[in-house]
Amino acid sequence: RPKTGPEVGNLVKASLENGGVPLCNYDMAMAAQGKWWCGHWAPVVAISEDKERVLVLDGWLHTDPFWIKCDLLAKATEGVDSDSGEPRGFLIIQAEQERGRTSPKDSQ
């Protein structure tokens, strides 16, 4: 689990480069996205060239997508979700590559 800004940047960069989509479970108040909710999951869809900021594509009704410093996102993902009691953090969604399958042309 990334605990620093550089670790968040490296995780996001590697995930995106490998065709994955990192999801973050973050504390919205800590990420400066409002103090009315605790947090939720949102995809991270881009990283700045300097790897210091990432774009969180927040689809919540009252928030917009936003750029956040990796250091701040690391802090916003380090706590525990008050509803589930589970730690916040990241989940990487990765499409499974099919191996050993032949194309329709190969079977003719």
Query raised in the report: Looking only at heavy atoms, which two atoms of D81 and R88 are closest? And how far apart?
Result: OD2-NH1, 3.5 Å
Query - Distance-minimising heavy-atom pair for V54 and I47 - result: CG1-CG1, 3.9 Å
**Report entry** Closest non-hydrogen atom pair, C24 against T77
**Finding:** CB-CG2, 4.2 Å
Query raised in the report: Residues two or more places apart in sequence or in another chain: which of them pass salt bridge (Lys or Arg N to Asp or Glu O under 4.0 Å) with K3?
Result: none
Requested in this report: With sequence neighbours left out, write down each residue that passes salt bridge (Lys or Arg N to Asp or Glu O under 4.0 Å) with R53, or none if nothing qualifies.
Outcome: none
Query - Whichever hydrophobic residues join L55 through chains of side-chain contacts under 4.5 Å - result: V45, L57, W67
Query - P2 side chain near N10 side chain, heavy-atom distance below 4.5 Å - result: no
Report task. Identify, with sequence neighbours excluded, every residue that meets side chain to side chain contact (heavy atoms under 4.5 Å, CB included) alongside S15. Result -> L11, P22, I92
**Report entry** Heavy-atom donor-acceptor pair, N18 side chain to G20 backbone, under 3.5 Å
**Finding:** no
Query raised in the report: Are any non-hydrogen side-chain atoms of V8 and V12 less than 4.5 angstrom apart?
Result: yes
Query raised in the report: What residues form a salt bridge (Lys or Arg N to Asp or Glu O under 4.0 Å) with E17, not counting sequence neighbours?
Result: K13
Report summary line: Correct closest heavy-atom pair for R1 and P87 would be NH1-CB, 2.7 Å
Requested in this report: Taking E78 for its side chain and L73 for its backbone only, find out whether a donor-acceptor pair lies under 3.5 Å.
Outcome: no
Query raised in the report: Apart from V21 itself, which Ile, Leu, Val, Met, Phe, Trp or Tyr residues share its cluster (side-chain heavy atoms under 4.5 Å, direct or through members)?
Result: L23, W41, L91, I93
Query raised in the report: Is there a side-chain contact between N25 and H40 (heavy atoms, below 4.5 Å)?
Result: no
